2 protein chains.
Amino acid sequence: MLKVGRLADYGVLILHHLGRMRPARLAMDSIAEITHLPLPTVRKVMKYLVDAELVISKRGPNGGYQLARPPAQVSLAEAIAAVEGPLTLTECCAARSTCEIHDRCDLADRWPGVNAIVVKVLERTSLADLDRFGRHEPHVPPPLRELMAPIRHL
Amino acid sequence: MLKVGRLADYGVLILHHLGRMRPARLAMDSIAEITHLPLPTVRKVMKYLVDAELVISKRGPNGGYQLARPPAQVSLAEAIAAVEGPLTLTECCAARSTCEIHDRCDLADRWPGVNAIVVKVLERTSLADLDRFGRHEPHVPPPLRELMAPIRHL
DNA sequence: AAATTGTATACCTGGTTAGTATTGAATGCG
DNA sequence: CGCATTCAATACTAACCAGGTATACAATTT
């Protein structure tokens with residue numbers, strides 16, 4: 001699995017569209033329309049995005065939502081975390097781990113390292129970058145180079 | 001979230017211990033003991049690991065489980081996939097996507113690129129590598145360098 | 001003030017996951 | 001040959017959580 005929840009997925013999709021419109025505003029029902037998502041669901045997602053200050057909302061006639069920053073400055077990590085909370089691959093990685101085994105587990109202090117790398121990949125991928133990904137092999141530049149160290153060839 | 005299920009987590013932990021023992025065999029109740037996991041749960045996990053051919057089982061007196069390959073040749077990706085099936089960040093990334101929106105979604109062909117990178121990180125991290133991760137900053141070497149291309153600084 | 005648009009809360013429900021129990025089959029040993 | 005040991009397979013239950021929905025409320029513009 002290694003899943004990102006559907007709501008978070010929706011969040012990214014919505015941010016993507018807001019990015020394309022920026023700096024224009026988009027009303028909630030317009031968002032529902034262009035994303036083909038049910039309106040009540042959009043409502044829920046928008047709340048998360050506003051709370052996380054990724055989008056700015058304006059009420060009243062001609063109100064709507066606007067991406068708070070240029071798409072190149074919004075990371076997937078932020079987007080996902082906005083909807084689902086902190087990015088933790090396992091319980092071990094959470095701030096307050098609730099894992100029964102935690103203190104007797106050989107891996108409790110190893111997972112965070114793996115988690116950190118995965119998170120960094122997502123942190124360094126922006127909404128704008130997303131546009132460049134095809135279904136084809138992704139190509140990625142040097143900024144991530146120094147992240148990779150204990151990882152070996154298999 | 002971006003979660004790995006608990007069973008998969010257990011699976012990795014078990015593989016880790018089997019790796020430390022290799023090539024010795026370990027009976028199921030011994031595994032339960034050293035991992036501090038309930039035995040019925042271990043049973044379930046072992047089935048997945050055997051089916052995936054990551055461990056070899058032997059029955060009868062002095063039977064038990066043995067890691068099929070050296071720990072350096074077992075990736076986290078395999079381990080997780082053994083328990084949870086294909087690694088797909090979102091529905092879009094699955095072989096047969098069941099997403100309602102899929103064909104009308106702007107991102108349907110973009111997620112797989114992100115997915116591929118995350119998966120590659122996990123593919124290039126072996127059980128042996130796991131031992132080297134501390135709670136501290138992880139360092140990762142060049143093999144992942146060329147993966148990173150459309151990712152920009154934020 | 002009225003229309004438009006976002007905000008907040010609370011609830012339901014269905015599916016997945018984790019955990020368990022039971023019965024069966026293979027292997028090795030004396 | 002048969003008994004002890006150990007894994008294998010199936011099916012069930014229970015809890016939780018994500019996703020989805022409904023409804024009533026508040027703010028802003030004109």
Side-chain angles (χ1 to χ4, degrees), chain A residues 1-11 13-14 18 24-33 35-66 68 80 82-85 88 90-91 94 98-101, chain B residues 1-11 13-14 18 24-33 35-66 68 80 83-86 88 90-91 94 98-101:
Chain A
M1 300 240 165
L2 189 81
K3 272 229 177 347
V4 166
R6 294 174 71 158
L7 286 190
D9 190 356
Y10 298 162
L13 177 59
I14 291 170
L18 287 178
R25 257 191 302 276
L26 215 47
M28 198 143 51
D29 45 11
S30 306
I31 294 177
E33 192 177 334
T35 56
H36 308 101
L37 294 173
L39 194 135
T41 298
V42 173
R43 266 208 271 272
K44 180 180 264 186
V45 174
M46 294 322 288
K47 173 175 166 37
Y48 295 134
L49 299 180
V50 169
D51 287 351
E53 298 184 315
L54 291 179
V55 303
I56 296 170
S57 70
K58 192 178 179 195
R59 306 199 218 197
N62 229 305
Y65 296 93
Q66 175 190 359
I80 296 171
V83 177
E84 308 199 321
T88 55
T90 65
E91 274 302 318
T98 65
C99 177
E100 291 288 317
I101 314 299
Chain B
M1 301 239 163
L2 188 80
K3 272 229 177 344
V4 166
R6 293 174 73 156
L7 285 190
D9 191 354
Y10 298 163
L13 178 58
I14 290 171
L18 287 178
R25 258 192 299 277
L26 215 46
M28 199 144 49
D29 44 11
S30 306
I31 294 177
E33 194 177 334
T35 56
H36 306 102
L37 294 173
L39 193 136
T41 299
V42 173
R43 265 206 271 273
K44 181 180 265 185
V45 174
M46 294 321 291
K47 173 175 166 40
Y48 294 134
L49 299 180
V50 169
D51 287 351
E53 299 185 317
L54 291 180
V55 303
I56 296 170
S57 69
K58 192 177 180 198
R59 305 198 218 198
N62 229 306
Y65 295 94
Q66 175 189 359
I80 296 170
V83 177
E84 308 199 319
T88 55
T90 65
E91 274 300 319
T98 66
C99 177
E100 291 288 316
I101 314 300

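Note that this is a predicted model, so its numbers are computed, not measured. In the text below, chain A, chain B and the rest are named by the order of the sequence lines, each starting its count at 1.
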Grab the CG-C1' distance between D29(A) and dA3(C) for me, whole Å please.
14 Å
Heavy-atom donor-acceptor pair, K44(B) side-chain to dG19(C) base, under 3.5 Å:
yes
Interatomic distance, I56(B) CD1 vs dC7(D) C1' [rounded to whole Å]
14 Å
Nearest to the Y65(A) side chain among dG6(C), dA9(D), dA18(C), which nucleotide is it?
dG6(C)
Output the single nucleotide from dG6(C), dT20(C), dG20(D) whose closest atom is nearest the side chain of M28(A).
dG6(C)
Would you say the base of dA25(C) and the side-chain of R59(B) have a donor-acceptor pair closer than 3.5 Å?
yes
Rounding to 0.5 Å, atoms OH (Y65(B)) and CD1 (I14(B)) come to a distance of 9.5 Å
What is the separation between atom CD1 on I14(A) and atom P on dG19(D), rounded to the nearest whole Å?
13 Å
Using only side-chain N and O atoms of Y10(A), determine if any of them is under 4.0 Å from OP1 or OP2 of dG20(D).
yes
Checking contacts here: which listed nucleotide (dT6(D), dG19(D), dG19(C)) is nearest the side-chain heavy atoms of A27(B)?
dT6(D)
Whole angstrom is fine here: how far is it from CG in L49(A) over to P in dT7(C)?
11 Å
Judged by nearest nucleotide, the residue sitting upstream toward the 5' end of DNA chain D, N62(B) or G60(A), is N62(B)
Residue mapping more 5' on DNA chain D - nearest nucleotide basis, P61(B) or K58(A)
P61(B)
Residue of the set L37(B), L13(B), L18(B) for which side chain to side chain contact (heavy atoms under 4.5 Å, CB included) holds with I31(B):
L18(B)
Could you tell me which non-hydrogen atom of L49(B) sits nearest to which non-hydrogen atom of G11(B), and how far apart they are?
CD1-O, 4.2 Å
Within less than 4.0 Å of OP1 or OP2 of dT7(C), is there a side-chain N or O belonging to S57(A)?
yes
Measure CE/M46(A) against P/dA27(D) and give the value in whole Å, please.
20 Å
Sorted by first residue and then second, give each salt bridge (charged side-chain N to carboxylate O under 4.0 Å, His left out) pair with at least one member in residues 48-61 of chain A; sequence neighbours left out.
K47(A)-D51(A)
Residue-phosphate contact under 4.0 Å: R25(A) side-chain N/O, dT5(C) OP1/OP2
no
Taking atom P of dA9(D) as reference, at what distance in whole Å does atom OH of Y48(B) sit?
13 Å
Looking at every heavy atom in both V50(A) and S57(A), which two are closest together, and how far apart are they?
CG2-CB, 4.2 Å
Does R43(B) have a side-chain nitrogen or oxygen under 4.0 Å from the phosphate oxygens OP1 or OP2 of dT10(D)?
no
Just the rounded figure in Å: distance from C1' of dT4(C) to CD1 of I31(A).
15 Å
Rounding to a whole Å, what distance do you find between E91(B):CD and dA18(D):C1'?
13 Å
